[in-house]
Amino acid sequence: MRASLLQIDVDLKETVADRRDRVAALVRAQGGTDLVVLPELWPVGAFASDTFAAEAEPLDGPTADVMSAAARDAGVWLHAGSIVERDPDGPLYNTSLVFGPDGELRHTYRKIHRFGFDQGEAALMAPGEEIVTVELPDTVLGLATCYDLRFPEQFRLLVDAGAQMLVIPAGWPAKRREHWRLFAQARAVESQTYVLACGTAGTHAGVELAGHSMVVDPWGDIVAEAGTGEEILTVDLDPALVTKTRHDFPVLRDRRLG
Ligand SMILES: NC(=O)CCC(=O)C(=O)O
């Protein structure tokens, strides 16, 4: 199974519409890949919270339209990162979109843990409530977003729901890059899953982003890691390695506390 992580440079000098078109072209160029992953809130910028309300869109809005067409044209499963979703009832959510190779929106995931300590996203968005997994032909994805990485209990629930590959779009700051790298490996080791952690490049709203998208295998080894600029990481994954790791070193079987 081949996956491509598109570490997008989010520069607010580029308009949201231009970035959508540019990213769609990058997705279209990934034909032959099984799964393409984009970062958190790449249309607007994860830290550009003063634009969240104005740029919020519904699940059938412009980003979903453009990403659906790109997934269909490339014939790939597309985790299109997240958008600022405006729910018809009013609240905003940080919502990930997963499209099938036919371009159909198959799953959404509303970020459960909001970052900002009562400011930014934490003040402006409502929290998601549901654990989400996505069945692919060869594996089961478990969805989480950025700050969720700090909450291992979410990943236990994902493992219990059958996740074998954790997909984590992010807009993680450079200041805490080593936390990002550590958590990506830790979640892979404790869950005995692949981790596909797709970050953002560049600087926006005064925050330098970490980049360093990573693919970690179920043993915790880093299979591939990006630098700090815009970059595409393409990796071949072996879904059977999850079962083998869990069989050969069966720590999950020894859980006693839930
Ligand atoms: N966008 C985010 O969730 C940022 C998370 C972060 O900066 C951190 O956990 O540190």
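No experiment lies behind these values; they were computed from the predicted model shown. For the numbers below, each heavy atom of this structure counts, side chains included, while hydrogens, waters and symmetry mates do not.
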### Query
Would the number of heavy atoms belonging to other residues, nucleotides or ligands and lying under 6.0 Å from CZ of Phe151 be above 12?
yes

### Exam field: side chain Gln30 to backbone Val76, donor-acceptor pair closer than 3.5 Å
no

### Task
Compare every heavy atom of Pro39 with every heavy atom of Ala170, then report the nearest pair and how far apart it is.
O-CB, 3.5 Å

### Listed partners of His204 passing ring-ring contact (aromatic ring centres under 6.0 Å, His included), at least two apart
none

### Task
Looking only at non-hydrogen atoms, find the nearest pair between Gln7 and Gly211 and report the distance.
OE1-C, 3.2 Å

### Linked, directly or transitively: Leu157 and Leu143 (ILVMFWY side chains, under 4.5 Å)
yes

### Task
Give a yes or no on whether Gln119 atom CD has more than 12 heavy-atom contacts from other residues, nucleotides or ligands under 6.0 Å away.
no

#### Entry: Gln164 vs Val159 side-chain heavy atoms within contact, under 4.5 Å
no

### Task
Please tell me if the side chains of Trp77 and Val134 come closer than 4.5 Å, counting only heavy atoms from C-beta onward.
yes

### Task
Could you pull out the closest heavy-atom pair between Ala197 and Trp180, with the gap in Å?
CB-CH2, 3.5 Å

### Query
Are any of the side-chain heavy atoms of Asp73 and Val27 separated by less than 4.5 Å?
no

### Message
Check Arg72 with Glu104, please: is the shortest side-chain N to carboxylate O separation under 4.0 Å?
### Response
no

### Query
Got a salt bridge between Arg181 and Glu178, using NZ or NE/NH1/NH2 to carboxylate O under 4.0 Å?
yes

### Task
Start with the C-alpha distance between Glu231 and Ser213, add both sets of side-chain angles, then the distance that settles side-chain contact (heavy atoms from CB on, under 4.5 Å), and finish with yes or no.
CA-CA 9 Å; Glu231 187 172 334; Ser213 296; over 6 Å; no

Which side-chain N or O atoms in residues 42-53 pair as donor and acceptor under 3.5 Å with protein atoms at least two apart or in another chain?
from	atom 1	to	atom 2	distance (Å)
Trp42	NE1	Ala80	O	3.0
Thr51	OG1	Ala48	O	2.9

### Query
So Met1 and Leu136, side-chain contact (heavy atoms from CB on, under 4.5 Å) or not? Walk me through it.
CA-CA 11 Å; Met1 176 179 170; Leu136 261 55; 3.9 Å; yes

### Spatial distance of atom CG (Asn94) from atom CD1 (Ile112) [nearest 0.5 Å]
11.5 Å

### Query
Would Tyr109 and Asp148 count as a side chain to side chain donor-acceptor pair (under 3.5 Å) if you check the C-alpha gap in whole Å, the side-chain angles of each, and the deciding distance to 0.1 Å?
CA-CA 12 Å; Tyr109 163 67; Asp148 286 332; 2.6 Å; yes

### Lys/Arg N to Asp/Glu carboxylate O, Lys111 vs Glu121, below 4.0 Å
yes

### Query
If you round to the nearest 0.5 Å, how far is CD of Glu55 from CG of Leu92?
12.0 Å

### Message
For Arg114, is there an ion pair with Asp118 - N to carboxylate O distance below 4.0 angstrom?
### Response
no

### Task
Decide, yes or no, whether a salt bridge links Lys175 with Glu208 under the criterion of side-chain N to carboxylate O below 4.0 Å.
no

### Query
In terms of hydrophobic clustering (I, L, V, M, F, W, Y; side-chain heavy atoms under 4.5 Å; direct or indirect links), are Leu78 and Val235 co-clustered?
no

### Query
Do Ile8 and Phe99 belong together in a cluster built from hydrophobic side chains that touch within less than 4.5 Å?
yes

### Message
With a 3.5 Å distance limit and no angle check, can you tell me whether Ser82 reaches the backbone of Leu41 through a side-chain donor-acceptor pair?
### Response
yes

### Query
Once you round to the nearest 0.5 Å, how far does CZ of Phe115 lie from NE2 of His113?
13.5 Å

### Query
Is Asp21 close to Val23 at the side-chain level, that is, under 4.5 Å between some pair of heavy atoms?
no

### Message
Keeping Asp87 on the side-chain end and Pro91 on the backbone end, is there a donor-acceptor pair under 3.5 Å?
### Response
no

### Query
Heavy atoms, side chains only, cut-off 4.5 Å: are Leu6 and Val36 in contact?
yes

### Task
Kindly indicate, with the supporting measurements, whether the criterion side-chain contact (heavy atoms from CB on, under 4.5 Å) is fulfilled by Asp60 and Leu105.
CA-CA 9 Å; Asp60 57 358; Leu105 180 61; over 6 Å; no

#### Entry: Nearest non-hydrogen partners of Gly103 and Ser68, listed with the distance
O-OG, 2.7 Å

### Query
If you look at every heavy atom in Pro169 and Glu40, which pair is closest and at what distance?
CB-N, 3.5 Å

### Query
Can you check whether Tyr147 and Trp172 have ring centres sitting under 6.0 Å from each other?
no

### Task
Identify whether the distance between the nearest side-chain nitrogen and carboxylate oxygen of Arg110 and Glu85 falls below 4.0 Å.
yes

### Query
Of all heavy-atom pairs between Ala163 and Arg246, which one has the smallest distance, and what is that distance?
O-NH2, 3.3 Å

### Task
Mind running salt bridge (Lys or Arg N to Asp or Glu O under 4.0 Å) on Arg255 and Asp160 for me, showing each step along the way?
CA-CA 12 Å; Arg255 286 168 62 189; Asp160 289 344; 2.9 Å; yes

### Query
Does Met67 share a hydrophobic cluster with Leu141, counting links as ILVMFWY side-chain heavy atoms below 4.5 Å and allowing steps through other members?
no

### Message
Is there a side-chain contact between Val215 and Leu5 in this structure, where contact means two heavy atoms from C-beta onward sitting under 4.5 Å apart?
### Response
yes

### Query
Do Arg177 and Thr228 pass the side-chain contact (heavy atoms from CB on, under 4.5 Å) test, and can you show the C-alpha distance, the side-chain angles, and the key distance before you say yes or no?
CA-CA 10 Å; Arg177 179 179 293 131; Thr228 55; 3.5 Å; yes

### Query
Can you tell if the side chain of Val98 reaches within under 4.5 Å of the side chain of Thr108, non-hydrogen atoms only?
no

#### Entry: Backbone N/O of Val10 and side chain of Glu14: donor-acceptor pair under 3.5 Å
no

#### Entry: Presence of salt bridge, Arg2 and Asp34, under 4.0 angstrom
no

### Message
Can you tell me how far apart CG (Asp238) and OG1 (Thr243) are? Round to the nearest 0.5 Å.
### Response
9.0 Å

### Message
Heavy-atom count check: over 12 atoms from other residues, nucleotides or ligands less than 6.0 Å from Glu135 CD?
### Response
no

### Message
Are Val189 and Leu241 connected into the same hydrophobic cluster when the rule is that any two of I, L, V, M, F, W, Y join if their side-chain heavy atoms are below 4.5 Å apart?
### Response
no

### Message
If we count only N and O atoms by modelled type, under 3.5 Å, do the side chains of Thr234 and Ser4 hold a donor and an acceptor together?
### Response
yes

### Query
If only atom types and distance count, is the side chain of Arg19 paired as donor or acceptor with the main-chain N or O of Asp11 below 3.5 Å?
yes

### Task
Would you give the length of the straight line joining atom CG of Leu38 to atom OG1 of Thr200, rounded to the nearest 0.5 angstrom?
9.5 Å

### Query
Can you check whether Ile168 reaches Leu196 side chain to side chain, under 4.5 Å on heavy atoms?
no

### Task
Working to the nearest 0.5 Å, report the span between CE of Met165 and NE2 of His79.
13.0 Å

